[in-house]
Each structure stands twice: as structure tokens, then as C-alpha cells.
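Chain naming here is simple, since letters A, B, ... match the order of the sequence lines and numbering starts at 1 in each. The structure presented is a predicted model; accordingly, all values stated were derived computationally and were not measured.
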Protein chains: 2
Amino acid sequence: MGFEVLDRQSVVPLYFQIQQHLLEQIRSGSLKAGDPVPSEQEISARLRVSRMTARQALKSLCNLGLVYSQRGKGTFVSGRKLEKDFRQLLSFSEEMHQRGSQPRSKVLTFEPVLAPAEVAAALHLEPNEQIVRLRRVRLADSISVCIETTHVPEKLFPDLLKSFEPTQSLYEEMAQRYGIRVAYADEVAEASAATPAEAKLLRIRHKAPVFRFTRTAFSVDGRAIEFVKSVYRGDRCKVVSRLTRQVKIGGR
Amino acid sequence: MGFEVLDRQSVVPLYFQIQQHLLEQIRSGSLKAGDPVPSEQEISARLRVSRMTARQALKSLCNLGLVYSQRGKGTFVSGRKLEKDFRQLLSFSEEMHQRGSQPRSKVLTFEPVLAPAEVAAALHLEPNEQIVRLRRVRLADSISVCIETTHVPEKLFPDLLKSFEPTQSLYEEMAQRYGIRVAYADEVAEASAATPAEAKLLRIRHKAPVFRFTRTAFSVDGRAIEFVKSVYRGDRCKVVSRLTRQVKIGGR
DNA sequence: AAGTGGTCTAGACCACTCG
DNA sequence: GAGTGGTCTAGACCACTTG
């Protein structure tokens, strides 16, 4: 733990600078799984910050799951790997970039429609409200990977049809042009078999194994902003999750 | 926000008492999605605690995803439901109980074996180290739902073969008798088709859609303690996840 | 201007773990 | 007994939002 780490003039909070510094040590391997992290008092003394600030840095690492604390013993690097970001909410484009693949899209349709019942229910709209529907075949390195049908409410994204270039990233457009940021999504995955039409688009056998996903995305304030149905080739797609065992909240 | 909420003699931390009180208001519906939660200063003044303590209570609710804060505006109840705990790490027994179904198990084999390469790699063991393998057909309300093969290292759970009743919950046994608690698990799901043997055990058609899961469970200190392979009927199983969009950690 | 959350300080007492 | 994390206090300054 160096002494020259902190820039007190910076707008970056002190606790965050400390957090980043420790993060770097974990990433680089200077701190390995099981190693003790500098204690709150040590950070406090060495970097001349209050103990609460040191604590906040450690707490944030703890929340990220990178370290864990034991009362009376200390704080230690946990066994989890940094490399894998499990089950983040990523758009298709982002996911492909992260894997180092080149994403491409073939647009099937991009049009205004009246919300079918299932979509209206998921997005909390009145039946037959106006939505924009975008159907795309998604490719990774020129191989068809999935068929994706996205639905967004027209009223949240007016003029999307005119302004959006449907081969681009929708999440970026939402953030840049409309200031609406996706915070989380609920997703349901099913194991199924390809229909003839799907098989043709994905260039796989009829009845080959596929994943069917339905995903509803929400903004921080809990508004439903996107509903997606997608079909992924079973042989080119695995769903990786990290499950955590939590304390019960609010239960009796 | 009442005044009689806090018990200052209690061993329960003040921030936790405050958190529980707010939680109750959200659960009961007194505070609805979008409603502002009492501000830090209000809690601080009304309950005569320091602002940092009030803040800690709100922070913990924030980490649970039940409220969100906006600088300069306030803290608000988020749109998420309390009812659904998405994608917790649950054992089969726990999952069925939560759904209100009756779990049952048919034990196929329960025996010591030498770890095959795949299992040894997942559990970080030497090849051919001693493990205990348990193969079960799992039933919900008397319908076969999945075939599950569990592997645990013998050295972590000595005498498991003698003491454990294999129709019971393994996670409970681990916690009760060995003091080893599962903290999280990494899981990979694939969409596939049933083999003839699997089809027979699950009473489904040959080549019917199934999920294949492999799961490695870890304790808090990052030790791998369990490796499970399972096959679920595709028509009786959906994988529900909540995905969150996080800040990048440790990236460039 | 008033109210909000975000950060920070310099102390304090406690329960716990370990040698 | 020395060191650890868990909790708590009573202040402070800041940036941000809203009327």
C-alpha cells in the first residue's frame, strides 16, 4: 500500500481511489485469493484518511464480492475470479464485444404496431397502445446466433422509427438520445426445439435444441421500458449465472 | 415514521432496526413504488440518531434493491417486487418448498468413487481423489422433474456416506453437521435433447427438450465444495433470472 | 434559498479472534 | 492484551434539485 496513491485535489472520492487501488492489486495478482487485505486502521494510518473512509473502500469491494470480512480476524480476498462478469445485463452488441466477437444484425422488420396482449402486459400498457417492434437476426462473426424481437413503447421513445439505425445498439440510443437508462431486467429462459421458420433463419435443423428467452427491462425508477423475445441456437449458447445465497429479507 | 421504533438497549443495531421498520412499511404497502422514503435528515432528527446511522439504514435498503437514491432529490421505493426472490441459490428441496410443491427423491446411487477429470477440475482436487457421488431422480408432487448427480470431496465431509440420509437436503446436512455453508455457485445452463436413458427416467419422449445444468458451489472463503450435474425436463422448468446493469469493475 | 444525498473527519465503545 | 471489524456520534463541506 503506497503513500502516493491519493490525489486529494481530484473530484474522484477518496474511498473510490482506495477501492481502485486495491482492485488493481487483486487484478494484477499482488493480492491472491485468501490473502488478507490491509486492515481499516492500516489504510487509515498509511493514507491519512479517517477510518470511516477506509471502511467505505473495503465495504464497496465487499459488495462487489471481491473480498469478505471476518469480525476480529480481518478482510480477505475471496476466491472469485475477476475475469468473468457473471450474468450482467448486457445488450447483444455489448455481449459480443465482451467476448471479442464481431456483432452484426440483419433487420427483418422495424415498424410501429399495436401492442399484443402479452407485450402490453409485460410493459404495463393499455391493450393496443402504440409500440415499436424490431425483429432482427443477430450474428456473431457472420454466424447466425439468435432471432430477437424487441418491443418498446412509442410514448417513451418518440420518433425512434425515424432516428434509430436498427443495426446499431438500442441501449446506447436509449441512453444517448432519450436519457433513459436500463437498470435491470427480469428474464425467463426455456429449453425448447426450433420451429421450421426459426430453423431456416438460424440455419440449423428443424427441432434442434434452442433457448427461448423473454426479457423485460426496467429503468431505475421501475418503469418497464423494453420487452424482448429471443431464440438462441442451443449449440452456440450457454447461460452462465452466478447464484448467491442470501439472507432472507422481510420474511417472517 | 414513529418515535417508539427504536430499542436502544437491544443488541440489534440501530441501523438494522430502522431498516426493518422501513422494510415493513414497504411490505405492508404503506410505502408504494415511487413513494419517497423519509430523508436521511428526517430519520436522523425524528429518531435521534446520527445522520450516518440513518444513512446506513437507507444504504442497506438500497443494496437490497428496494429503494434508490437520487442526489438532490431524495430516496424512493423502487418498482421491484418483494415477493419474488430472483435466482437465489437454492437446493432442490428449498426450491420446491418455496413453490409450494412437495419434493421427493428417488436415490439411484450413493457411493464413494474416484473423482473423474471433469469433477476433479471443478472441485480443484487431485485427479482420482476420493469423492462421494449421489445420483437422484427428483420429483415434485410425484412427477419426475430432474436427474441430479452431486459430487462432494470426501475429505471435507468425512463419514457422509454413513450419516447422511440421501433423500434429505444435502445443504442442511452440510451446515448442521459440518459447519460448512454454501455462499454462492456458478452455474452453466445448456439447451439440449434428452438421451434415451434420461427420457426413460424422466418419463418424457426421446430427444425432448431438456436443460442441462452444471453447478459448482463455493463457501465464503472460496473453496469449491460441491459439483452438480443435472438434467431438467424442458416442459416443467423455466430459468428465471434478474439481471442487473452494473458499473464496470476493474476494466480499463 | 432550502432541502437532498455524497463524502469526509476524528473521535468512541463494543465483541470478536488469536497468540 | 493487541488487533480486528461492527456500530455510532456530531459535526462539516459539497453538488445537485426544486420552487
Q: Would you say B:Gln70 reaches C:dT4's phosphate, i.e. side-chain N/O to OP1/OP2 under 4.0 Å?
A: no
Q: Do B:Gln130 side-chain atoms and B:Pro112 backbone N/O form a donor-acceptor pair below 3.5 Å?
A: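 No; zero donor-acceptor contacts below 3.5 Å.
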Q: If you take all heavy atoms of B:Ile131 and B:His151, which pair is closest and at what distance?
A: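 Nearest heavy atoms, B:Ile131 then B:His151: CD1-CD2, 3.8 Å.
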Q: B:Gln41 side chain: which of D:dC8, D:dG11, C:dG5 is closest?
A: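 Selected nucleotide (nearest to the side chain): C:dG5.
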Q: Round to the nearest Å and state the distance from B:Arg8 atom CZ to D:dT7 atom C1'.
A: 12 Å
Q: Would a distance-only check, ignoring hydrogens and angles, find a side-chain to backbone donor-acceptor pair under 3.5 Å from B:Ser44 to B:Val49?
A: yes
Q: CZ of B:Arg51 versus P of C:dT4: gap in Å, rounded?
A: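 About 10 Å, once rounded to whole Å.
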Q: Would you indicate, yes or no, if D:dG5 has its OP1 or OP2 atom less than 4.0 angstrom from a side-chain nitrogen or oxygen of A:Ser69?
A: no
Q: Run through A:Met174, A:Gln168, A:Glu173 and flag the one making a side chain to side chain contact (heavy atoms under 4.5 Å, CB included) with A:Tyr171.
A: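 The residue from A:Met174, A:Gln168, A:Glu173 that satisfies side chain to side chain contact (heavy atoms under 4.5 Å, CB included) with A:Tyr171 turns out to be A:Met174.
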Q: Quick check on DNA chain C: between A:Leu14 and A:Arg71, whose nearest nucleotide comes earlier from the 5' end?
A: A:Leu14
Q: Nearest to the A:Glu40 side chain among C:dT7, C:dT9, D:dG5, which nucleotide is it?
A: D:dG5
Q: Please report the distance, rounded to the nearest Å, between CG in B:Leu47 and C1' in D:dC8.
A: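 Between C1' of D:dC8 and CG of B:Leu47: 14 Å.
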Q: Rounded to the nearest Å, what distance is computed from the OH atom of residue A:Tyr68 to the C1' atom of nucleotide D:dG6?
A: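 Rounded to whole Å, this separation is 18 Å.
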Q: C:dC8, D:dC8, D:dG5: which one has an atom nearest the side-chain heavy atoms of A:Ser39?
A: D:dG5
Q: Taking atom P of C:dC14 as reference, at what distance in whole Å does atom CZ of B:Phe16 sit?
A: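 To the nearest whole Å, that distance equals 22 Å.
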Q: Quickly work out the B:Leu61 CG to C:dG5 P distance and round it to whole Å.
A: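 Atom-to-atom, B:Leu61 to C:dG5, this comes out as 13 Å.
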Q: Would you mind reading off the distance between A:Gln17 atom CD and C:dC8 atom C1', rounded to a whole angstrom?
A: 13 Å
Q: Pick one: which of A:Lys59, A:Arg51, A:Gln56 meets side chain to side chain donor-acceptor pair (under 3.5 Å) with A:Glu40?
A: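 The side chain to side chain donor-acceptor pair (under 3.5 Å) with A:Glu40 is passed solely by A:Arg51 among A:Lys59, A:Arg51, A:Gln56.
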Q: Using atom CD of B:Gln19 as one end and atom P of D:dC8 as the other, report the distance to the nearest whole Å.
A: 12 Å
Q: Between A:Gln56 and C:dT7, does any side-chain N or O lie under 4.0 Å from OP1 or OP2?
A: yes
Q: Think B:Arg55 has a side-chain N or O under 4.0 angstrom from the OP1 or OP2 of C:dG6?
A: yes
Q: Does a nitrogen or oxygen in the side chain of B:Lys73 sit under 4.0 Å from OP1 or OP2 of D:dT18?
A: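 Checking B:Lys73 against D:dT18: at least one side-chain N or O falls below 4.0 Å of OP1 or OP2.
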Q: Ignoring backbone atoms, establish whether A:Ser50 has a side-chain N or O less than 4.0 Å from OP1 or OP2 of C:dG11.
A: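 No, no such contact exists.
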Q: For B:Gly74 and for A:Arg48, find the nucleotide of DNA chain C with the closest heavy atom, then tell me which residue's nucleotide is more 5'.
A: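 Nearest nucleotide further toward 5': that of B:Gly74.
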Q: It should be established whether A:Thr53 places a side-chain nitrogen or oxygen under 4.0 Å from OP1 or OP2 of nucleotide C:dT9.
A: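 For C:dT9, OP1 or OP2 has a side-chain N or O of A:Thr53 closer than 4.0 Å.
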